[in-house]
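Numbers restart at 1 for each chain; the letters A, B, ... are given by sequence-line order, proteins then strands.
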2 protein chains.
Amino acid sequence: MAIEKSKRGGATLAEVAAAAGVSKMTASRVLRNAPGFSNQTRDKVMLEVQRLGYVPNRIAAAFGSDQTSTLVGVCVPRLTSDLFGSVLDSIDHTLSKFGYQTMIGTHEQSPEVEETWLRAILAWRPAGVILSGRTHTRGTIEILRAQSIPVVEVWNLNTSPLDVSVGFNHYDCGHEMGSFVLSKGYENIAYVGAETNAEGMGKVRRQGFEKALQNAKREFLTKEILTDRPSFYAGYYGTENVLNRTNDVDAIYYQDDTMAVGGLFYCKSKGLNVADDIGIAGWGGMEIASVLPERLTTTIVTTRALGKAAAEALVARVRNEPVQDVTVATTRLVPGNTI
Amino acid sequence: MAIEKSKRGGATLAEVAAAAGVSKMTASRVLRNAPGFSNQTRDKVMLEVQRLGYVPNRIAAAFGSDQTSTLVGVCVPRLTSDLFGSVLDSIDHTLSKFGYQTMIGTHEQSPEVEETWLRAILAWRPAGVILSGRTHTRGTIEILRAQSIPVVEVWNLNTSPLDVSVGFNHYDCGHEMGSFVLSKGYENIAYVGAETNAEGMGKVRRQGFEKALQNAKREFLTKEILTDRPSFYAGYYGTENVLNRTNDVDAIYYQDDTMAVGGLFYCKSKGLNVADDIGIAGWGGMEIASVLPERLTTTIVTTRALGKAAAEALVARVRNEPVQDVTVATTRLVPGNTI
DNA sequence: ATCAATTAGGTTACCGGTAACGTAACTTTC
DNA sequence: GAAAGTTACGTTACCGGTAACCTAATTGAT
């Protein structure tokens, strides 16, 4: 049974008000729980709302009020990632708890795609936007400034954010892991990552790691950065490339845990003894690690807390409440037995 | 540098029109590429659009036209799943190509949560909604019917859909896998799954599998259905429970590949010889399988094609073009060496 | 050359709420 | 007990586009 499309919707607020014997304005106040009506009036109005099956019209509401909606635009690199998925899920849950609706977009690390998305989203006069790009185009920055709209930059920690930033300190994550790997006696360390359109935060972690190497008068023996999105297979393949290139590598730092796990399986398939023959370190604390025989050395990140903090910061900005400019979400290096 | 919030936005269409020396209506026609203007006029208008940095106001547009927006609501079980993430990503890409914006929600298999989400979304007068719930509340069905809005039910194949259905035939997936596992000589088969609020489509696959067992005068030796969302560890733990319960099991059918992989690692950790001692079959064709030493026997599903088909079906419904009521997305049993 | 069809515009009214303001009845305060 | 709030409404105007309708000029066909 197909439902036919009809332009005319259901009851309007005016009809509800008329049926309840009050003015449109009073009915509006009841529905928004704005002050200025009695309990008796509320009951009358709500009865008619029920009886007529009134569905509020947020388009008209957004139009008629202050020209901003309860929509929030959220743009993440991609949806097929447990990490970003978890952040987005947490953002959406938190926002909806505050009465906002989430409009999504993906940019695959391309600032240009982010700008295109932003232009489309701004036409909806969102209450605010949450971005996750590492860098933004000049156009993105200009239109955000012109629209003077609350912006939360999430995922990466931006010390001079457009507006508010909630993120992980990727540099420190890399640096801490670099120091840790070195402290375990590894000397010839490679990096394996994957980037599609532009550099994501994996690069920053790599730079942090490199800094730790520099402090020990060392550098990456080799770097393998595939033109691909991070995945198990990308880690597998990248490791194959690295190990075919040189036999001297004794440890690999991976862009994230999916790639690390892929690399782990490549090493095992070649009969290498993980940790002894080759050390493996990842980032992200992904769930797969919980079932592997090896305990993966990685950095656990609090994605749900990050999403919640980002959404709460945005709501606070929208409400003109004081907000901390920069919030660091916690990360924790967890030594396993792969390093 | 924080951006201050201001209520007054930028230029309006009237200002653009005045600057270009035409009427509002003509400017509107240019921007929507509606017929009725000359090239010369378009150039004049577009010049002012650029110069004034005009951002179209879709809220006003939706309000002033036919009371439906270019918003589409999409509600999936959860965002932390490669499978659902991939479907959502594909839906979003396809919709945005057609000029629609995606508003998301998650229901965690709870029809009541889906209804709550739907009520909030309908206030935005979306062009249509895409649902993924296996069942809907009476309220959901009633308000969808009352609003007479295009609805695409996705993921599961619904032979009597509310409106349009695009999905996998989960029952056949299960039945096919059941027949396959039996054909390989396995006799004492267990099922391991995970459900949170309510039964998802895993149950339907299980029923299909059970039908195949019944045809061979058999049944599941035991079923382990955890109160959890499917995950690697849930599969690991569920397998532990099953194998602790009985020694007779010679194969396990899992709700999906994440659980199957978790189970695979449990079996290996106990020194079991996969395929010989215990067969393992999953569903979903998830990427992790590409790096495992074992080739997982599973059913590959075309999530991107599913999302694209669902979005295209929705757009066609919105445009009142003919749409097939029920579309089956392809699935393919891929024999590996774990069965 | 004349009439019909097409093209390029303009005019008017309206969508469904909400902000701002006004007002009458009731309550509190000194 | 009168002035000063407070409460519970109603009235008016307006948000920024678009549909529907109308007009004048141009083009095409017979």
Side-chain angles (χ1 to χ4, degrees), chain A residues 6-46 48-49 52-71 99 122-125 127 147, chain B residues 6-46 48-49 52-71 99 122-125 127 147:
Chain A
S6 102
K7 293 192 174 187
R8 303 280 336 149
T12 68
L13 187 62
E15 287 162 20
V16 170
V22 298
S23 73
K24 241 172 42 160
M25 201 59 217
T26 296
S28 172
R29 281 192 265 256
V30 170
L31 282 164
R32 285 176 297 131
N33 204 25
F37 59 86
S38 64
N39 286 339
Q40 191 189 344
T41 300
R42 184 189 46 227
D43 294 345
K44 276 194 301 186
V45 171
M46 292 313 288
E48 295 303 325
V49 165
L52 298 172
Y54 173 68
V55 178
N57 187 336
R58 279 191 175 279
I59 290 193
F63 181 56
S65 61
D66 54 2
Q67 301 302 310
T68 59
S69 64
T70 56
L71 297 171
L122 285 181
W124 285 100
R125 301 293 186 269
Q147 296 292 312
Chain B
S6 101
K7 293 191 173 188
R8 304 280 336 146
T12 67
L13 187 61
E15 287 162 21
V16 170
V22 298
S23 72
K24 242 173 43 160
M25 200 58 219
T26 297
S28 171
R29 281 191 266 254
V30 169
L31 283 164
R32 286 176 296 130
N33 204 25
F37 59 87
S38 64
N39 286 340
Q40 192 190 341
T41 300
R42 183 188 48 225
D43 293 346
K44 277 193 301 184
V45 171
M46 292 314 287
E48 295 302 325
V49 165
L52 297 173
Y54 173 69
V55 178
N57 187 335
R58 277 189 175 281
I59 290 195
F63 181 57
S65 61
D66 55 2
Q67 300 304 309
T68 58
S69 63
T70 56
L71 298 171
L122 285 181
W124 286 101
R125 302 294 187 267
Q147 296 291 313

Legend entry - Side-chain donor or acceptor of A:S28 paired with backbone N/O of A:K24 under 3.5 Å: no
Legend entry - Side chain of A:S28 (C-beta onward), nearest among C:dT18, C:dG10, D:dT18: C:dT18
Legend entry - Proximal nucleotide (of D:dG17, C:dA8, D:dG10) relative to the B:L13 side chain: D:dG17
Inset, instruction - Considering just the side-chain nitrogens and oxygens of B:S65, establish if one lies under 4.0 Å of OP1 or OP2 belonging to D:dT18. - result: no
Legend entry - Qualifying residue for side-chain contact (heavy atoms from CB on, under 4.5 Å) with A:V30, from A:V22, A:V16, A:V45: A:V45
Legend entry - First of A:N39 and A:K24 reached from the 5' end of DNA chain D, by closest nucleotide: A:N39
Inset, instruction - Calculate the interatomic distance between A:F63 atom CZ and C:dG16 atom P; express it in whole Å. - result: 12 Å
Inset, instruction - Please round to the nearest 0.5 Å and tell me the distance separating atom CZ of A:F37 and atom CZ of A:R32. - result: 10.0 Å
Legend entry - Spacing between A:K44 atom NZ and D:dA8 atom P, to the nearest angstrom: 13 Å
Inset, instruction - With the side chain of B:M25 defined as its heavy atoms from C-beta on, choose the nearest nucleotide among C:dC21, D:dA8, D:dA19. - result: D:dA19
Legend entry - Interatomic distance, A:F37 CZ vs C:dT18 P [rounded to whole Å]: 13 Å
Inset, instruction - Look at the side chain of A:A61 and decide which nucleotide, out of C:dG10, C:dA20, C:dG17, has an atom nearest to it. - result: C:dG17
Legend entry - Short side-chain N/O contact from A:T12 to OP1 or OP2 of C:dC15, under 4.0 Å: no
Legend entry - Nearest-Å distance for atom pair CZ/P, residues B:R29 and D:dT18: 11 Å
Legend entry - Nucleotide C:dG17, atom P - distance to CH2 of B:W124 in whole Å: 13 Å
Legend entry - OP1 or OP2 of D:dG16 under 4.0 Å from side-chain N/O of B:Y54: no
Inset, instruction - Respond yes when some side-chain nitrogen or oxygen of A:S38 is under 4.0 Å from OP1 or OP2 of D:dC9, and no when none is. - result: yes
Legend entry - Stepwise side chain to side chain contact (heavy atoms under 4.5 Å, CB included) check, A:T26 with A:R29: CA-CA 5 Å; A:T26 296; A:R29 281 192 265 256; 4.3 Å; yes
Legend entry - Minimum-distance pair of heavy atoms, taken over all atoms of A:R58 and B:W124: CD-NE1, 3.2 Å
Inset, instruction - Would you mind classifying the nucleic acid contact of B:R32 as base, sugar-phosphate or nothing, using non-hydrogen atoms under 4.0 angstrom? - result: sugar-phosphate
Inset, instruction - Counting heavy atoms from C-beta on, name the nucleotide in C:dG9, D:dC9, C:dT18 closest to the side chain of B:T26. - result: C:dG9
Legend entry - Between P of C:dC15 and CD1 of B:I59, the distance in whole Å: 19 Å
